[in-house]
Amino acid sequence: MSAITGVVLAAFVGYGLAWYLGAIEGNFALLLLLAVVVTGAYWVAEKVYFQPQRRAAAERLVAEHTQRQAELARMGVQADAVDIEAARQKLLMQPWWLDWTAGLFPVILVVFVLRSFLFEPFKIPSGSMIPTLHVGDLILVNKFHYGVRLPVVNTKILANHEPQRGDVMVFRYPPQPSLDYIKRVVGVPGDEVAYLNKQLFINGEPVAKEPLPEFYDSGSMRYAQQFAETLGGRHYRTLNDPDRPAFIPGTVDFPHKDQCRYSVEGVVCTVPAGHYFLMGDNRDNSLDSRFWGFVPEANIVGKAFFVWMNFGDLSRIGRFE
């Protein structure tokens, strides 16, 4: 079993190394699920077979030692002192290949349950959600807010809340579902969303927007126009780059693109059933639904709500809504 276990562990390490080096496109949810299954099998085998075998061997050792001591005593022979307890503990000890599999199962199972059904950590890699979220923010995502989903396949098995306008949502990027994106929900099914001349409209009504002092982005070392916006009862800030034009360049083909009309002023889209329209708060520096289309309900991962760490700026820790 030690050789087989060595091959299994080497396969996990090889997968992780290939992923890290960019040779393959990794899937952490699948990797974690496989780790649960493999270590769980070892854990069951340990409880049902290997541990009883070791205990039986330890009991035989003690019984044989006791019998030998008794026989020597009947013969009048003084037996040498033997540390039988050390030998017994050695027999009871888990071998390395069980320690690295069955021994890790409870920890891996807890991580799997927490990450799959409760809360999952993410790192903000880009500035598309500035000023709400900054590059390097480590955030928590509520996985059950929008319903409980099966890991890996992401199929909803228990409904909860529906996404609302103003929510900050993590989702699987429609053109490449292996990637997770984070944006703000601005349109729900049936909405007409318009972004014209850098003003957001929902069903023909302009979204409340008030100017604020300019925002300095230390990453790009530039100032941007900053606004306070209110959508769905949520108050947040957005940025605009006055040097960027209003039209949407570089759009791609996407499902239901016929529901969108593009012009030099921007874009107007009607959100189809079962889909959502999302935009970054850094409006002129965000690759979002304006460019690649609607987010299907099946791509939803969860609702972002808390910054739990930013190693470059500890003041970022806390709720951002």
Side-chain angles (χ1 to χ4, degrees), residues 1-20 23-73 79-122 140-145 147-160 172 178 180 301-302:
M1 284 298 294
S2 61
I4 295 175
T5 305
V7 172
V8 171
L9 294 177
F12 275 97
V13 172
Y15 180 91
L17 186 60
W19 183 7
Y20 178 77
I24 62 172
E25 189 174 273
N27 186 324
F28 186 73
L30 177 61
L31 183 65
L32 192 58
L33 176 62
L34 290 175
V36 169
V37 172
V38 171
T39 59
Y42 275 89
W43 185 84
V44 171
E46 160 72 348
K47 298 299 182 183
V48 173
Y49 180 77
F50 294 116
Q51 190 178 71
Q53 289 289 315
R54 295 197 306 273
R55 286 177 176 172
E59 290 171 1
R60 285 196 302 272
L61 175 68
V62 173
E64 290 170 359
H65 174 72
T66 302
Q67 183 180 359
R68 186 163 52 249
Q69 292 290 79
E71 290 176 356
L72 291 174
D80 294 332
V82 177
D83 188 2
I84 191 66
E85 183 59 25
R88 176 178 173 275
Q89 290 299 326
K90 187 174 181 180
L91 284 174
L92 291 173
M93 186 182 301
Q94 276 188 341
W96 72 268
W97 50 273
L98 278 172
D99 195 34
W100 281 87
T101 51
L104 293 177
F105 171 67
V107 175
I108 295 176
L109 180 62
V110 169
V111 172
F112 175 76
V113 171
L114 287 175
R115 184 186 184 277
S116 300
F117 303 109
L118 299 177
F119 303 103
E120 183 175 356
F122 285 89
L140 284 179
V141 174
N142 186 326
K143 297 295 290 285
F144 61 87
H145 184 81
V148 177
R149 298 172 183 268
L150 292 175
V152 182
V153 295
N154 210 42
T155 301
K156 184 188 289 187
I157 58 175
L158 183 64
N160 198 1
R172 294 180 175 184
S178 60
D180 290 320
V301 173

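The figures here come from the full heavy-atom set of this structure, side chains too, leaving out hydrogens, waters and symmetry mates.
- Side-chain contact between Asn27 and Tyr15 is present, with heavy atoms from C-beta onward closer than 4.5 Å.
- In this structure, Gly147 and Asn160 approach most closely via the heavy-atom pair N-CB, 3.5 Å.
- Of all non-hydrogen atoms in Val141 and Phe122, the two that sit nearest each other are CG2-CD1, 3.3 Å.
- Among Leu109, Val110, Val111, the one residue that satisfies the side chain to side chain contact (heavy atoms under 4.5 Å, CB included) test with Val113 is Leu109.
- The shortest side-chain heavy-atom distance between Val301 and Lys143 falls under the 4.5 Å cut-off.
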Anything under 3.5 Å between a donor and an acceptor, one on a side chain of residues 95-105, the other on a protein residue two or more places apart or in another chain? List them.
| residue | atom | partner | partner atom | Å |
| --- | --- | --- | --- | --- |
| Thr101 | OG1 | Trp97 | O | 2.6 |
| Thr101 | OG1 | Leu98 | O | 3.4 |

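- Arg54 has its side chain within reach of Gln94: a pair of non-hydrogen atoms, C-beta onward, lies under 4.5 Å apart.
- The two residues Leu61 and Ala87 make their nearest non-hydrogen contact at CD2-CB, 3.7 Å.
- Ring geometry for Phe28 versus Trp19: interplanar angle of 30 to 60°, hence tilted.
- Other residues, nucleotides and ligands contribute only 12 or fewer heavy atoms inside 6.0 Å of the NZ atom of Lys90.
- When side chains are defined from C-beta on, Arg149 does not count as touching Ile157, because their heavy atoms never get closer than 4.5 Å.
- Put simply, CG on Leu34 and OG1 on Thr39 are 10.5 Å apart, with the number rounded to the nearest 0.5 Å.
- Residues Arg88 and Glu85 are paired through a salt bridge, judged by an N-O separation under 4.0 Å between the basic side chain and the carboxylate.
- When side chains are defined from C-beta on, Leu114 does not count as touching Phe119, because their heavy atoms never get closer than 4.5 Å.
- Listed here is the closest heavy atom pair of Leu32 and Arg115: CD2-CD, 3.9 Å.
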